[in-house]
Amino acid sequence: MTLHAGSMIKVGGRVALTAMLAAANLATVGADDDALFSFMPVESGGMVVHSSECTDNGSEWAPGLEEKKVFQHEIRWGDKETGWQLRVGKGGQIYSFVGPFGEAMPPQIHKGSEWNDEVWQLVSICTSKNDRTLVREGKVRKRPLAYFIHGSGVYKRDPKLEETFYNPVLAESSCDSSYAILNWGQHAHVPTIYKSGALYYTRFNTLKDGTIELNYAIHNFGDDVLNYFNTPWGGVRHSNLPVHILSTPDGSYAPTEFIPFAGKGIKSAHLTGGWSGFFTKNDPEAWGIALVFGNSRANHTAAKVRYRWGYAGNKLNPRDYFVSVVNPLVPVKKQETLRVKVYVVVDQLKNISKRVADLVPMASYQVSSFDDAPQVAVQVDSENRSGELKLYAWPKQGTQPLFLLKETKTGKYFASEDLYQFSSRESFSKYHPKYEGDAEVLRPYDGNTEFIKLLGFE
């Protein structure tokens, strides 16, 4: 769907509340979310197979885990010998990535953080509020005022949280070559006093040769300045992909030393060739994954970008996780949007240099504000709003997002700008004895609210 600023779109189905209220399955009504993603172009080319069914693909996970609890969508390209299968979790994260090398994602041994840390995801941080103070709770040490908005969900560290709460899905869109998902990012360290004002847009475009274009947008509708990002935070299952390769500006590449993530594995992107990779062995015939993040001023007009890597824990850690992270270092203020484009290539090592050559200059990072946006007409029939609303499909400067919420105890629907409207509140003092403020714990994961969708911006 091609949209132009100022055009009017009549949105029905999933967006029209009258239809939603009558539908038995709200999550699958309509397909008009395309408008919300239309600032993220669809790259036609690679035909993918979509699936909304979580079947057994042979991947082995930590004992006791049920993959169906995290599964949201699957896209596949090519055949088993040379193609790939990517699974997106309910939080918008890549939690499974299968290719000729097997399962690339770690087995999720990290207790209380299954499919939350050891995945490919977006992360946003406000460094001025990210307090590193540790508080001991029994044998566990926590950082009650850590500020990490994950692109997956929350840690199961709140005593009132029994199941992982994944980032609510607010919209989805798909076509022959693309899948897009919009989530409300959640603070991982809970309970917390911090609110999240981060909307995470992800579009997976598949090009003709099977290259995946990861098209990200982080929109900040909150009051905090977000200034440290992971785009993506990621990594691989080290036992399947034990060789980490980093490119150099002269076009060559070489394996890196096997070092811990907290070590010296940090390099400015312009000191690399703009890509890294993980392979089954250091051999031209070896299969693996390359992540293309760019290395030039043209790539990084908005931000200083660095690349980080290293193993999690120690060499024999059962987490089996080697971390890979791209960090754009740039402030994103209220009503601004960080847009990022990186690429993922699955191939043999002998082919990677040639395939990434054209992709490196296309990687990009930019902070923008939308001066204008197409309008959408939304028919609303809720407790507090009724009739036709004319909203903007994109976060136009000066607007705030409007959401459809359901209060679970009453079953009533509300159109609201406040995602915490029905969240329970509690004193924060017992979770952080040294805290002297009066802000309360907010729990969007308490079951009081069903987050239906983003209606638009007004």
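One finds the OG1 atom of Thr211 at 8.0 Å from the CE atom of Met362 (value rounded to the nearest 0.5 Å). Going from atom OH of Tyr166 over to atom NZ of Lys90 covers 8.0 Å, rounded to the nearest 0.5 Å. In this structure, CD1 on Ile149 lies 11.5 Å from NE2 on His189, to the nearest 0.5 angstrom. Rounded to the nearest 0.5 Å, atoms CE (Met40) and CZ (Phe204) are 9.5 Å apart. Rounded to the nearest 0.5 Å, atoms CG (Leu226) and NZ (Lys129) are 10.0 Å apart. To the nearest 0.5 Å, atoms CG (Leu419) and OG (Ser196) are separated by 8.5 Å.
More than 12 heavy atoms of other residues, nucleotides or ligands shown are found within 6.0 angstrom of NZ on Lys334. For NZ of Lys80, the number of neighbouring non-hydrogen atoms (other residues, nucleotides, ligands) closer than 6.0 Å is 12 at most. Around atom NZ of Lys267, no more than 12 heavy atoms belonging to other residues, nucleotides or ligands sit under 6.0 Å away. Within 6.0 Å of CG on Asp209 lie more than 12 heavy atoms contributed by other residues, nucleotides or ligands.
The aromatic rings of Phe97 and Phe101 stand perpendicular to each other, their planes meeting at an angle above 60°, with 30° marking the opposite boundary. Using a 30° and 60° split on the angle between ring planes, Tyr95 and Phe71 fall in the perpendicular class, above 60°.
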### Query
What's the verdict on side-chain contact (heavy atoms from CB on, under 4.5 Å) for Trp233 and Ser324, showing C-alpha distance, side-chain angles and the deciding distance?
CA-CA 6 Å; Trp233 168 275; Ser324 169; over 6 Å; no
#### Entry: Worked check of side-chain contact (heavy atoms from CB on, under 4.5 Å) between Leu182 and Leu454
CA-CA 9 Å; Leu182 168 61; Leu454 171 68; 3.5 Å; yes
### Task
Please assess Phe165 against Gln186 for the test side-chain contact (heavy atoms from CB on, under 4.5 Å), listing each intermediate value before the final yes or no.
CA-CA 9 Å; Phe165 180 76; Gln186 296 297 299; 3.7 Å; yes
#### Entry: Worked check of salt bridge (charged side-chain N to carboxylate O under 4.0 Å, His left out) between Glu74 and Arg76
CA-CA 7 Å; Glu74 176 187 285; Arg76 300 192 303 273; 2.4 Å; yes
### Task
May I have the step-by-step check of salt bridge (charged side-chain N to carboxylate O under 4.0 Å, His left out) for Asp371 and Lys396, ending in yes or no?
CA-CA 6 Å; Asp371 294 329; Lys396 179 182 176 182; over 6 Å; no
### Pair Ile218-Tyr201, side-chain contact (heavy atoms from CB on, under 4.5 Å): steps then yes or no
CA-CA 6 Å; Ile218 300 173; Tyr201 295 78; over 6 Å; no
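The cationic group of Arg308 lies under 6.0 Å from the six-membered ring centre of Phe261 and within 45° of the ring axis, placing it in a cation-pi geometry. By the 6.0 Å and 45° rule, Arg157 stacks over the aromatic ring of Tyr155.
Using a 4.0 Å cut-off between a side-chain N of Lys or Arg and a carboxylate O of Asp or Glu, Asp347 and Arg355 qualify as a salt bridge. Comment: Lys264 does not engage Glu257 in a salt bridge, judged by the lack of any side-chain N to carboxylate O separation of less than 4.0 angstrom. The pair Arg87-Glu67 counts as a salt bridge, with a side-chain nitrogen and a carboxylate oxygen less than 4.0 angstrom apart. By the 4.0 Å N-to-carboxylate-O rule, Lys69 lies close enough to Glu66 to be salt-bridged with it.
Looking at Ser276 and Tyr307, their side chains do bring a donor and an acceptor atom within 3.5 Å of each other. Looking only at atom types and distance, the side chain of Ser96 has a donor-acceptor partner in the side chain of Glu103 under 3.5 Å away. Under the 3.5 Å distance criterion, with hydrogens and angles disregarded, a donor-acceptor pair is assigned to the side chains of Asn116 and His150. Donor-acceptor pairing under 3.5 Å is lacking for the side chains of Asn205 and Glu43. For the 3.5 Å distance criterion, the side chains of Glu450 and Thr408 fail to qualify, holding no donor opposite an acceptor. Side chains of Gln72 and Glu172: a donor on one and an acceptor on the other come within 3.5 Å. With hydrogens and angles left out, the side-chain atoms of Thr192 and His187 include no donor and acceptor closer than 3.5 Å. Under the 3.5 Å distance criterion, with hydrogens and angles disregarded, no donor-acceptor pair is assigned to the side chains of Gln335 and Asn220. No side-chain donor from either of Glu458 and Thr399 sits under 3.5 Å from a side-chain acceptor of the other. Donor-acceptor pairing under 3.5 Å is recorded for the side chains of Tyr147 and Asp224. For the residue pair Ser173 and Asp33, no side-chain donor N or O sits within less than 3.5 Å of a side-chain acceptor on the partner.
Contact record, Leu241 with Ala104: CD1-CB, 3.9 Å, taken as the closest heavy-atom pair. Taking all atoms of both residues into account, the shortest heavy-atom contact from Ser178 to Val48 is N-CG2, 4.4 Å. Here the closest non-hydrogen pair linking Ala286 and Thr280 is CB-OG1, 3.4 Å. For the pair Pro232 and Tyr216, the tightest heavy-atom approach, listed with the atom from each and the gap, is CB-OH, 3.6 Å. Closest heavy-atom contact between Arg443 and Pro191: NH2-CB, 4.0 Å. Scanning both residues, Leu161 and Val190, for their nearest heavy atoms gives CD2-CG2, 4.5 Å.
Here the side chain of Ser247 pairs a donor or acceptor atom with the backbone of Trp275 at under 3.5 angstrom. The closest donor-acceptor contact from the side chain of Ser268 to the backbone of His270 lies at 3.5 Å or more, if one exists at all. Side-chain N or O atoms of Asn57 include one that pairs as donor or acceptor with a backbone N or O of Ser59 at under 3.5 Å. Using a distance-only test at 3.5 Å, with no hydrogens or angles considered, no donor-acceptor pair links the side chain of Thr206 to the main chain of Gly210. Between the side chain of Trp115 and the main chain of Gly89, no donor-acceptor pair closer than 3.5 Å is present.
Results of the side chain to side chain donor-acceptor pair (under 3.5 Å) test with Glu118 over Arg319, Gln108, Gln93 single out Arg319 as the only residue that passes. Each of Trp309, Phe258, Phe279, Tyr253 was compared with His244 under the ring pair (Phe, Tyr, Trp, His ring centres under 6.0 Å) criterion, and only Trp309 meets it.
Here His73 and Tyr179 bring their ring centres to under 6.0 angstrom of each other. Ring pair Trp184/Phe451: centre-to-centre distance below 6.0 Å. You'll find the ring centres of Phe370 and Phe39 inside the 6.0 Å limit.
In this structure, Glu162 has no salt bridge (charged side-chain N to carboxylate O under 4.0 Å, His left out) partners at least two apart in sequence or on a different chain. Shown here are the side-chain hydrogen bond (donor to acceptor under 3.5 Å, both in side chains) partners of Arg339, two or more places apart in sequence or in another chain: there are none.
Residues Leu391 and Leu455 form a side-chain contact, since some pair of their non-hydrogen atoms from C-beta on lies under 4.5 Å apart. Here the side chains of Val342 and Leu214 are in contact, with some heavy-atom distance below 4.5 Å.
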